[in-house]
Amino acid sequence: MAHQVLHKGAHARYVVSFQKDKKGYEYVASEYLRLSGIYWGTTALMLLTTKKEEDKEKDNNNNPTTQFVDYTKGLSADEVVADVLECRNADGGFASAPGHDSHLLYTLSAVQVLCNYDRLHKELSEEQRRETAKWVASLQSEEDGSFKGDKWGEVDTRFSYCASSCLRLLGFGPELGDIIDVEKAVSFVLSCRNFDEGFGARPGDETHAGQVFCCVGALALLDALDRVDADRLAWWLCERQTEGGGLNGRPQKKQDVCYTWWVLSSLSMLGRLHWVDRTALVAFILSCQDPEEGGISDRPDDEVDVFHTFFGIAGLSLLKYPGLSEVNAKYAMPQRVIEKMGLA
Amino acid sequence: MLLSAQPEWADVTPTPQLEAPGEPVVRIRYDEDYEDAMGLLRSLMAKQELSDRALHLTSVVIFMNSAHLTVWEYRRCILRALNSKARWLAELEFMHEVNELNTKNYQLWNHRRAVVEVLLPSDTEERRRASLLKGETLESEHTLDKELEHIEEVFESDAKHYHAWAHRQWVTERHGCWKRELALTEEMIERDPHNNSAWNYRFYVIQSCGVSSGSLQAHVAHAIGALERGLDNEAVYAFLLGLLFRGPHRKAPQEDVAAVIQGLLTERQGGGARWVSFQATLSYSLALRLAGLEDGNLMLWTSPAFSSLPCPKALAQSAVKKWEWLKMADGVRKGAYELKIKIALSTIRTLPE
């Protein structure tokens, strides 16, 4: 059956062609999240690429039978980095695309990509990194510790995650308490905890797996994960597994590949990844692939996109699917990058 | 004819997308229109033109690509600069049209909040700003009722719309109109008893309105009623556990809480994994509280009203039995049940006979 294996080559081709087709309508219309698209695509390529020694299958005489492939070579690192830097604004933040206002979502994506390519310190001086950090910090509310996405003011726990991750990746972990109000940031996240132990976007908002990831991630990054009842929250998370084997984002909603990531990474951070049925979940993700054109969709037979392609691959990596590089649950970046940066 | 070629835009030079020059590619007409409009918009944003034609241009772009957050923000800047009541009122129709194109749009709901802050001021500062709006308008005012009705319309097409529910809560909190919300959740639950958004909201409404004598039983009875339409209802179980252990119980009369729990502990015919799991959690959570291991400072749990219930040890043991069964009946979550059993057994060892 075509779906029983991960079609690495096809997915790599899909990601590369999406990124390269800069005049294509999809590329143009997705300008509002362009930088995140770059992050999803390039990180996916990195996860598809394992270390040379790991990737080679061996025959009975212990000779390698498959060629090692570096899928990241499909895109020029210099071009990717240049694309990212073009999105940097004078205020230190990054926009989704050149000419747009800075936003936390894209600032995080920018920093993640630069770190993945090991170009952060090369491309941004310490002063510039501090500028970015200052911009991030400026988005925190003095009143309740929440973070806005941009200077215009939308508040959401997603941004608590983006801010925390961004500041650590920029290298300011040791000074975190001087840059933002950590305790207030923590208490805002906790104020979004619901009676089912999960988290929503704002206080009182329904628990949603995506928000749970952001809150668990934020608390982990702010060294406050112990404030969560891990067993109760992990229970809500493992209840996301549906009959089809896939995971949904809220009770009684449909399974969707991206929830694989939000739920699994949360469980991983909580140390309870074994609470889901791995076999059923892997089968579900693989059934969402387009084996010919490449790419992964939210559900079987739907249209593929870079977002679901990345999260499907990242989810499989968390599930230790063979042939993939290890992903770091907290940062959603290759583990080898996080280890090299001393952030593991 | 491209927008930029029209006489109205003669004074503006479009700012192109910052791309590296590549081979000329044949594009479809739609792309060209979008690029052209965006080019004009970039130029206007660069010089911060906050005019009627700029407003119109943002409409054009938003209809072609409604997720563009910078354009929405620019639109708000223009609206604030024009400071016209009629323009703000017109946003209601504009948002309706955009919604027809794409309902799952953070920007739309973010924009809606900004519009509501202007049209339905709720504090001194907002009222002050509203009084400064220019121009009388013959159009009917926007009202709280109309706003709430609009949200209900969104529920017609998507009863679990995350942004719509969040917006509803935001509006209700601003205006303090919690009372009618209980009825809303009942209606939504009647339509679909599995609607987790409705149950989540219901919990917060009850928490805000408080729980008077007898109402706890009524809420629980209503929730049990929803189970008639299917025992496999995660939302109801989360709601019930929330009602009993996460807040509302603190204000309810002790006898009410005890009576309700007593009722829920009764075996139900024909179980099903979710129902059994709920009873196990209920038993165990109760055991912890009766033993003083959780919620320890709440007098409720030491009330004589609970004396007729099984002792903590028995309750915890019954939970373990259920989880053992669930390891097989709900095998997908076997790992979780194993941990629950492990923790419970170690707690049981510390409980008196």
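To find a chain, count down the sequence lines: A is the first, B the second, and so on, and within it residues start at 1.
- The choice from A:Thr279, A:Asp231, A:Asp196 that makes the most heavy-atom pairs within less than 4.5 Å of chain B is A:Asp231.
- Side-chain N or O atoms of B:Arg333 include one that pairs as donor or acceptor with a backbone N or O of A:Gln241 at under 3.5 Å.
- Side chains of A:Glu154 and B:Glu73 form no contact here, defined as non-hydrogen atoms less than 4.5 Å apart.
- The existence of a salt bridge linking A:Arg232 and B:Glu294 is confirmed by a sub-4.0 Å separation between a basic side-chain nitrogen and an acidic carboxylate oxygen.
- Contacts of B:Leu241 with chain A are absent, with no heavy-atom separation under 4.5 Å from either backbone or side chain.
- By number of non-hydrogen pairs under 4.5 angstrom with chain B, the leading residue of A:Asp156, A:Val276, A:Asn194 is A:Asn194.
- Between the side chains of B:Tyr74 and A:Asp101, not a single donor N or O lies within less than 3.5 Å of an accepting N or O.
- Taking 4.0 Å as the cut-off between side-chain N and carboxylate O, A:Arg240 and B:Glu234 count as a salt-bridged pair.
- Residue contact with chain B, scored on non-hydrogen atoms closer than 4.5 Å, involves the backbone and the side chain of A:Ala201 alike.
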Please step through side-chain contact (heavy atoms from CB on, under 4.5 Å) for the pair A:Phe195 and B:Tyr204, ending with a clear verdict.
-> CA-CA 9 Å; A:Phe195 58 93; B:Tyr204 281 107; 4.3 Å; yes

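- In this structure, the side chain of A:Asp205 does not engage the main chain of B:Trp165 through any donor-acceptor pair within 3.5 Å.
- Annotation: A:Trp275 is not in aromatic contact with B:Tyr337 [ring centroid separation under 6.0 Å not met].
- If you measure heavy-atom distances from A:Arg193 to chain B, the contacts under 4.5 Å come from the backbone alone.
- For chain B, the nearby part of A:Gln211 is the side chain; its heavy atoms alone come within less than 4.5 Å.
- Open room surrounds CD on A:Glu143; 12 or fewer heavy atoms of other groups in view lie less than 6.0 Å from it.
- Using a 4.5 Å cut-off between heavy atoms, B:Leu243 does not touch chain A at all.
- Contact annotation for B:Lys334: neither backbone nor side-chain heavy atoms come within less than 4.5 Å of a heavy atom of chain A.
- Rounded to the nearest 0.5 Å, atoms NZ (A:Lys253) and CG (B:Asn196) are 10.0 Å apart.
- A salt bridge is defined here as a Lys NZ or Arg NE, NH1 or NH2 lying under 4.0 Å from an Asp or Glu carboxylate O, and A:Glu239 with B:Arg274 meets this definition.
- A donor-acceptor pair under 3.5 Å is absent between the side-chain atoms of A:Arg250 and the main chain of B:Asn195, judged by distance alone.
- A donor-acceptor pair under 3.5 Å is formed between the side chain of A:Glu206 and the backbone N or O of B:Ser197.
- Side-chain atoms of A:Gln252 come within 3.5 Å of backbone atoms of B:Asp232 as a donor-acceptor pair (strictly under, hydrogens ignored).
- Heavy-atom distances place no part of B:Thr281 under 4.5 Å from chain A, backbone and side chain included.
- Ranked by heavy-atom pairs under 4.5 Å with chain B, the first of A:Arg158, A:His274, A:Glu79, A:Arg202 is A:Arg158.
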